[in-house]
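Letters go in sequence order (proteins before strands), and every chain restarts at 1. Computed over heavy atoms, backbone and side chain alike; hydrogens, waters and symmetry mates excluded.
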Number of protein chains: 2
Amino acid sequence: MKLEDYSAPVYPPHCPHPCESCELRGSPAFNPVSLDELRAIQSFRDGSRVVEAGRPVIEEHRASSQLFTLYSGWAFRFKTLSDGRRQILSFLLPGDFIGVQDEFSDGRTHGVEAATLVTLCVFPRDKLWPLFRSQPRLGYDITWLAAREEKMVDDNLVTTGRRNAMERVAMLLMHLYRRAQRAGLERDGWVEFPFNQQHIADAIGLSLVHTNKTLRRLQRLGLHKLDGGWLRILEPKALETLGDYFERPFRPTPLI
Amino acid sequence: MKLEDYSAPVYPPHCPHPCESCELRGSPAFNPVSLDELRAIQSFRDGSRVVEAGRPVIEEHRASSQLFTLYSGWAFRFKTLSDGRRQILSFLLPGDFIGVQDEFSDGRTHGVEAATLVTLCVFPRDKLWPLFRSQPRLGYDITWLAAREEKMVDDNLVTTGRRNAMERVAMLLMHLYRRAQRAGLERDGWVEFPFNQQHIADAIGLSLVHTNKTLRRLQRLGLHKLDGGWLRILEPKALETLGDYFERPFRPTPLI
DNA sequence: CGAGTGGTTGACTTACATCAATTCCCGTGG
DNA sequence: CCACGGGAATTGATGTAAGTCAACCACTCG
């Protein structure tokens with residue numbers, strides 16, 4: 001099946017009990033696993049969890065004893081300074097593995113918040129090492145996911161460090177659109193975009209007001225539409241060039 | 001041995017041929033390994049390499065077929081936009097593992113440049129998976145290192161996204177000082193600081209001139225001294241508070 | 001001694017932040 | 001049906017932190 005032909009359910013009700021009937025694995029976005037590995041994942045897993053939009057998946061500054069795979073919905077990682085300034089570090093989509101960065105956490109960690117209703121597969125952290133030992137392949141996959149995650153943070157760092165307002169917004173829109181597309185969340189050219197302008201501002205390191213003005217400006221130029229929680233890209237080339245940001249061709253990723 | 005009592009040779013000549021006589025492993029900064037693991041690392045390794053200050057360890061945009069452990073010296077990871085604007089992503093010190101982020105690299109990658117004369121242990125990338133398979137513990141360690149690296153990038157992202165100039169400089173100075181200290185590079189309260197103001201500017205996302213002025217201002221306040229390539233922190237508390245950045249207590253890390 | 005590199009400083013400009021309204025939207029309850 | 005309230009988006013006016021430009025200085029190296 002080609003990626004374009006796949007449509008993820010926007011809100012699958014729940015991560016199902018046996019991983020064998022996982023709806024996510026049907027997607028061509030993910031590498032196939034052997035039956036043996038699937039069983040290992042199943043026994044690594046410790047149930048599932050639902051989090052409402054706007055509620056924390058992992059509290060900041062509190063080490064979590066759990067790891068997660070985001071099963072459906074949107075979430076994001078963030079950090080706040082002591083006076084409340086917030087920086088969004090990265091966005092999370094179905095298939096993303098959450099919490100490795102906290103391994104041997106030393107307290108000063110990030111928070112994770114649900115942007116939509118979110119369902120998660122839950123894994124106890126203390127089973128992580130046993131998983132590596134018994135299933136090195138899955139350990140390797142987790143490393144791969146962690147490395148990919150870091151690359152995204154690298155990109156965001158370039159954005160906040162060296163891009164101007166227009167470039168930042170262009171880059172962010174393209175990034176989120178492409179990722180949603182890959183996760184099979186596109187519907188007739190639109191993808192769900194459950195973030196308000198404060199989220200965008202916090203992600204790209206601008207003030208709320210300036211984010212608004214920049215967004216408006218791009219929209220008036222006809223590069224994108226953002227309406228009622230849905231995003232449509234009208235001029236992908238223009239936005240990519242403006243943001244000096246080009247997503248690489250699609251490649252399937254591991255799914256734990 | 002306590003960390004304070006350990007002094008790394010500032011420039012060990014070279015990563016020695018048998019890992020058994022590795023000078024780095026003497027440091028309390030690193031977890032001990034079993035003889036078995038040490039042998040595995042030895043056979044994972046494929047020689048060593050020396051890179052002059054200012055020369056690339058990994059070229060940007062070129063996928064490297066090698067992984068490295070930084071054995072001595074300072075280096076940094078960076079990315080550049082197409083018009084030349086550069087962002088330094090993170091700094092590398094002895095013991096840091098280089099190149100996992102490129103695993104399954106898709107082209108758009110970071111570069112790594114030596115800031116001093118640097119020596120490296122070299123590992124062929126295609127032995128990474130076999131290492132995971134035969135030594136899951138070392139795979140786990142590599143994941144741990146990758147996770148730690150991402151946490152540092154997270155911090156830098158908060159800096160460029162949400163801190164002002166004074167806070168940025170304060171945070172960076174403390175961060176680099178503490179890391180150097182942990183690596184045993186402190187000498188009478190001074191640590192080697194092989195970066196010019198352009199490096200600092202590129203790391204914290206400011207212009208060269210403004211970085212200079214901010215650095216000057218902090219120095220005039222008596223918070224630090226920066227002279228002849230060496231850094232001394234005079235008021236650690238003040239700098240930590242100013243930067244709203246507090247390094248966690250020391251904990252040994254894996255060394256591959 | 002001249003060229004090159006990096007640091008320093010002042011004058012001026014600008015992109016973005018801050019402040020303060022106003023409007024839009026939507027749900028709620030009389 | 002409509003008044004009301006609250007959150008988010010929008011916009012204009014004004015302020016300021018940081019960028020840019022252009023010198024000049026201090027070293028080092030050949």
| Whole-Å gap separating C1' (dA18(D)) and NZ (Lys213(B)) | 9 Å
| For Arg216(A) and dA9(D), is the shortest distance between a side-chain N/O and OP1 or OP2 below 4.0 Å? | no
| request: Ignoring hydrogens and angles, state whether a donor on the side chain of Ser90(A) or Arg77(A) is under 3.5 Å from an acceptor on the partner side chain. | output: yes
| query | When we call it a touch if two heavy atoms are under 4.0 Å apart, what does Leu206(B) touch: a base, just sugar-phosphate, or nothing? | reply | sugar-phosphate
| message | Whole angstroms only, please: what is the CD-P distance between Gln198(B) and dG19(D)? | response | 11 Å
| task | Nearest whole angstrom, please: distance from the C1' of dT10(D) to the CG of Leu218(A). | result | 16 Å
| query | So, are Asp96(A) and Arg179(A) salt-bridged, with charged N and O less than 4.0 Å apart? | reply | yes
| message | Using whole Å, what does the distance between atom P of nucleotide dT10(D) and atom CG of Asp227(A) come to? | response | 10 Å
| Sugar-phosphate only, base, or nothing, as touched by Asn212(A) at under 4.0 Å among non-hydrogen atoms | base
| message | What is the separation between atom CG on Asp202(A) and atom C1' on dA8(D), rounded to the nearest whole Å? | response | 14 Å
| How close or far is atom P of dT5(C) from atom NE2 of His199(B), stated in whole angstroms? | 14 Å
| So which nucleotide from dG6(C), dA9(D), dA17(C) ends up closest to the side chain of Asn196(B)? | dG6(C)
| query | With a 4.0 Å cut-off on heavy atoms, is Leu208(B) in touch with a base, just the backbone sugar-phosphate, or nothing at all? | reply | nothing
| said: Can you tell me if Gln197(B) touches the phosphate of dT5(C), counting only side-chain N or O atoms and a distance under 4.0 Å to OP1 or OP2? | reply: no
| said: OP1 or OP2 of dA15(C) versus the side-chain N and O atoms of Asn164(A): is any pair under 4.0 Å? | reply: no
| query | How long is the line joining CZ of Arg220(A) and P of dT10(D), in whole Å? | reply | 9 Å
| field | Minimum heavy-atom distance between Val122(A) and Arg49(A), given as atom pair plus value | value | CG2-CB, 3.8 Å
| Pair Glu60(B)-Thr80(B), side-chain donor/acceptor within less than 3.5 Å | yes
| said: Just by distance, no angles: are the side chains of His199(A) and Asn196(A) close enough, under 3.5 Å, to form a donor-acceptor pair? | reply: yes
| said: As a test of reading the structure: which of dT18(C), dG6(C), dT20(D) is closest to the side chain of Val209(B), going by heavy atoms? | reply: dT20(D)
| How close or far is atom P of dA17(C) from atom NE2 of His210(A), stated in whole angstroms? | 6 Å
